[in-house]
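First comes the structure, then the notes that go with it.
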Amino acid sequence: MTHRVAIVGAGPSGFYAADGLLRGRPDLRIDIIDRLPTPFGLVRAGVAPDHQGTKAVVRQFDRLLAQPDLRFAGNIEIGRDLTWDEVIQSYDAVVVATGMVVDRKLGIPGEDLPHVWGSWRFVAWLNGHPDFRDGPDLSGVKSVAVIGNGNVALDVARLLAKSPDEMTKSDIVPEAGAAIAAAPIADIHVIGRRGAGEASFTTNELAEMGRLARAVSVADASVLTAEAPAADPTPERLRKAKNIETLKRFAAQTPGEKPVTVHFRFHATPTAIRPGEVELSTGPLAADLVVTCIGYTGEPFPQAESVFPVGWARRGPSGTIPTNRADSHAVAKQVIDFLEDRDPKSGPDILPLCVDAEGWRRIDKAEVAAGAAQGRPRVKLVDWQALLEVAQGD
């Protein structure tokens, strides 16, 4: 008899944890449990659909799904199909890799208006998450306010600004792509409450904003005197210095040179949202759509000796997908050390009927085939019932 480990959450941190566990203890039996019938979590539903290079990490995870002692158990929700107590009592250790997928609130009047969207909800719609099939009405959107100064804000602005031709090699949901292409968007405002020197954009993602076919990026005059904070460690200081250089180039460009203008606004704090307008500390700004990109929170999970959070569930929503590898491997070592002097539990398999790895491969095959017909990486199934029917097919 060997130890059994449950990993709740089939995103990057969960798969990296499985990899670390199998490297240290190849005899372990591991179940990766997810409420969705599809694996890969944030990579599938949260990474921008035009960043296919980032999404390619799933090839590593697919290889793990072929391991004989690793089982994918999709379409199983803790709280609906199983309780946390059942999971904790039935497995020798439980790794919580549920991430954080609840948009943080600004805490200002008007943020619950229908034209205000959190970035998780917005990007999940673009990516075909079955819980977010309906997107915002873009038919009358001329001006967009994107609130935040990180890479997610850049993702939202870039996806709204790109031309249909630039999106042809993405896996954006066709309906979402068509809605963006048809929208009369002329201005996108990326709004930060602090200065350019404090923005957390990564260098490549910011530079990409200067290479868009139908959009010109401009920046307010405050960037001309911005400096990278001297107290930052060297890599951070260099990143911020390069960002400031890029923003200075944006400041030299003219709004309206292309059909869409992306405005980088700094030292502007949102104080209220009204229909068609955001009130900033610098004054009112026209906005038919508001997307908040200010981070995420997560659902609570049990605290117990045999429970080990990993990834965002452990450290909060920070870092990139590769960051999770070292983090998850470190947690995997903690799990292996915990199991070392403990006898394996006995008992029945508690997992109900689920979408297994073969079911996922049927979904994957169908999506890739649909994408090939359109010259795209894949066209995702976005309906719960359709996903389950394909997974359970012959």
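Model, not experiment: these values are computed from the prediction.
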Checklist entry - Does some side-chain heavy atom of Val95 sit less than 4.5 Å from a side-chain heavy atom of Val335? => result yes

Next on the checklist: Can you confirm whether or not the ring centre of Trp117 sits under 6.0 Å from the ring centre of Phe132?
Outcome noted: no

Checklist entry - Closest approach of Thr98 and Ala313, non-hydrogen atoms and distance? => result OG1-CB, 4.1 Å

Next on the checklist: Are the side chains of Arg315 and Asp327 in contact, using a 4.5 Å heavy-atom criterion?
Outcome noted: yes

Next on the checklist: What verdict does the side chain to side chain donor-acceptor pair (under 3.5 Å) test give for Trp384 and Asp131, after you've listed the backbone C-alpha separation in whole Å, the side-chain angles of each residue and the deciding distance to 0.1 Å?
Outcome noted: CA-CA 8 Å; Trp384 273 98; Asp131 287 343; 3.0 Å; yes

Checklist entry - Do Thr2 side-chain atoms and Asp27 backbone N/O form a donor-acceptor pair below 3.5 Å? => result yes

Checklist entry - If you draw a 6.0 Å radius around CZ in Arg80, do more than 12 non-hydrogen atoms from other residues or ligands fall strictly inside? => result yes

Item to check | Under-4.0 Å salt bridge between Glu208 and Lys162 | outcome: yes

Checklist entry - Going through the distances and angles, do Ile30 and Phe72 end up as a side-chain contact (heavy atoms from CB on, under 4.5 Å)? => result CA-CA 9 Å; Ile30 300 172; Phe72 173 63; over 6 Å; no

Next on the checklist: Taking Leu28's backbone N and O only, do any of them form a donor-acceptor pair with Arg4's side chain (distance below 3.5 Å, no angle check)?
Outcome noted: no

Next on the checklist: Determine whether Asn151 and Thr202 satisfy the following criterion, side chain to side chain donor-acceptor pair (under 3.5 Å), listing intermediate values before the conclusion.
Outcome noted: CA-CA 7 Å; Asn151 279 353; Thr202 52; 2.8 Å; yes

Next on the checklist: Is it the case that the side chains of Arg314 and Asn324 hold a donor-acceptor pair, with the cut-off being a distance below 3.5 Å and no angle test?
Outcome noted: no

Next on the checklist: Can you confirm whether the side chains of Glu198 and Asn149 place a donor and an acceptor under 3.5 Å from each other?
Outcome noted: no

Checklist entry - Under a 4.5 Å cut-off applied to non-hydrogen side-chain atoms, are Val173 and Trp125 in contact? => result no

Checklist outcome for this item: On a heavy-atom basis, the closest approach of Val278 and Pro270 is CG1-CB, 4.3 Å

Checklist entry - Between Leu126 and Leu159, is any pair of side-chain heavy atoms under 4.5 Å apart? => result yes

Item to check | For Met100 against Pro317, the heavy-atom pair lying closest together | outcome: SD-CD, 3.3 Å

Checklist entry - Taking the six-membered ring of Phe338 as reference, does the NZ or CZ atom of Arg342 fall below 6.0 Å from its centre and within a 45° cone about the axis? => result yes

Item to check | side-chain contact (heavy atoms from CB on, under 4.5 Å) partner of Leu106, the single match among Ile147, Thr271, Val116, Thr269 | outcome: Ile147

Item to check | Check ion pair Lys380-Asp364 (N to O, under 4.0 angstrom) | outcome: no

Checklist entry - When the ring planes of Phe201 and Phe264 are compared, do they come out parallel, tilted or perpendicular, using 30° and 60° as the limits? => result perpendicular

Checklist entry - Is any side-chain heavy atom of Leu285 less than 4.5 Å from a side-chain heavy atom of Arg265? => result yes

Next on the checklist: Do the side chains of Arg158 and Asp50 get close enough for a salt bridge, i.e. N-O under 4.0 angstrom?
Outcome noted: yes

Next on the checklist: If you apply the rule side-chain contact (heavy atoms from CB on, under 4.5 Å), what do you find for Ile32 with Val8, and how did you get there?
Outcome noted: CA-CA 6 Å; Ile32 301 182; Val8 182; over 6 Å; no

Item to check | Same apolar cluster: Val262 and Val141, side chain cutoff 4.5 Å | outcome: yes

Checklist entry - Under 3.5 Å, is there a donor-acceptor pair between the side chain of Asp92 and the main chain of Lys345? => result yes

Checklist entry - Within the distance-only criterion (no hydrogens, no angle test), does the side chain of Glu111 pair as donor or acceptor with the backbone N or O of Gly107 below 3.5 angstrom? => result yes

Checklist entry - Are the charged groups of Asp383 and Arg133 less than 4.0 angstrom apart, N to O? => result yes

Checklist entry - Just by distance, with hydrogens left out, do His329 and Asp19 show a side-chain donor and acceptor under 3.5 Å apart? => result yes

Checklist entry - Can you name the nearest heavy-atom pair linking Gly195 to Phe266, along with the distance? => result C-CD2, 3.7 Å

Checklist entry - Counting N and O atoms only, with roles assigned by atom type, does the side chain of Ser143 sit under 3.5 Å from a partner on the main chain of Ala286, one being a donor and the other an acceptor? => result yes

Next on the checklist: Apply salt bridge (charged side-chain N to carboxylate O under 4.0 Å, His left out) to residues Arg361 and Asp62 and explain how you reach the verdict.
Outcome noted: CA-CA 9 Å; Arg361 291 189 182 99; Asp62 253 331; 5.2 Å; no

Checklist entry - Do Lys248 and Glu245 meet the salt-bridge criterion of a basic N to acidic O distance under 4.0 Å? => result no

Checklist entry - Does Gly256 offer a backbone N or O that forms a donor-acceptor pair with the side chain of Thr261 under 3.5 Å? => result yes

Checklist entry - Taking the side chain as C-beta and beyond, is there a heavy-atom pair between His129 and Leu36 under 4.5 Å? => result yes

Checklist entry - Judged by atom type as modelled, is there a donor-acceptor pair below 3.5 Å linking the side chain of Asp171 to the main-chain atoms of Arg378? => result no

Next on the checklist: Quick check for you: to the nearest 0.5 Å, what is the distance between Ile185 atom CD1 and Ile180 atom CD1?
Outcome noted: 7.0 Å

Checklist entry - Is the side chain of Thr246 donor-acceptor paired with the backbone N or O of Lys242 at a distance under 3.5 Å, no angle test? => result yes

Item to check | Exceeds 12 heavy-atom contacts within 6.0 angstrom, atom CG of Asp349 | outcome: yes

Checklist entry - Quick check: does any side chain N or O of Asp103 sit under 3.5 Å from a backbone N or O of Ser119, one acting as donor and the other as acceptor? => result yes

Item to check | Nearest atoms (heavy-atom pairs only) where Ala18 meets Leu70 | outcome: CB-CD1, 3.7 Å

Checklist entry - Take atom CZ in Arg29; do more than 12 heavy atoms of anything else shown fall under 6.0 Å from it? => result no

Checklist entry - Less than 4.5 Å apart, any side-chain heavy atom of Arg71 and any of Asp356? => result no

Checklist entry - Judged by modelled atom types alone, do His263 and Asp220 share a side-chain donor-acceptor pair under 3.5 Å? => result no

Next on the checklist: For Asp31 and Tyr91: C-alpha separation, side-chain torsions, deciding distance, then whether side chain to side chain donor-acceptor pair (under 3.5 Å) applies.
Outcome noted: CA-CA 10 Å; Asp31 290 336; Tyr91 288 88; 2.6 Å; yes

Checklist entry - Do Arg194 and His267 have side-chain atoms, one donor and one acceptor, less than 3.5 Å apart? => result no

Next on the checklist: For a 4.5 angstrom cut-off between non-hydrogen side-chain atoms, does Pro174 reach Val379?
Outcome noted: yes

Checklist entry - Should Leu388 and Ile76 be counted in the same cluster of Ile, Leu, Val, Met, Phe, Trp and Tyr side chains packed under 4.5 Å apart? => result no

Checklist entry - So how far is it from Glu236 CD to Ser200 OG, rounded to the nearest 0.5 Å? => result 9.0 Å

Checklist entry - Looking only at heavy atoms, what is the nearest atom pair of Ala17 and Ala332, with distance? => result O-CB, 3.8 Å

Checklist entry - Run the side-chain contact (heavy atoms from CB on, under 4.5 Å) check on Glu299 and Val102 step by step: do they pass? => result CA-CA 8 Å; Glu299 300 292 342; Val102 180; 3.9 Å; yes

Next on the checklist: side chain to side chain donor-acceptor pair (under 3.5 Å), that's the test. Do Ser163 and Asp165 meet it? Break it down for me.
Outcome noted: CA-CA 5 Å; Ser163 67; Asp165 285 347; 5.3 Å; no

Item to check | N/O donor-acceptor pair under 3.5 Å between Lys142 side chain and Ala183 backbone | outcome: no

Next on the checklist: Please determine whether side-chain contact (heavy atoms from CB on, under 4.5 Å) holds for the pair Glu367 and Leu387, giving the CA-CA distance in whole Å, both sets of side-chain angles, and the decisive distance to 0.1 Å.
Outcome noted: CA-CA 10 Å; Glu367 292 182 342; Leu387 284 161; 4.3 Å; yes

Checklist entry - Would the number of heavy atoms belonging to other residues, nucleotides or ligands and lying under 6.0 Å from CD of Glu77 be above 12? => result yes

Next on the checklist: Would you call the rings of Tyr296 and Trp120 parallel, tilted or perpendicular, taking 30° and 60° as the class edges?
Outcome noted: perpendicular

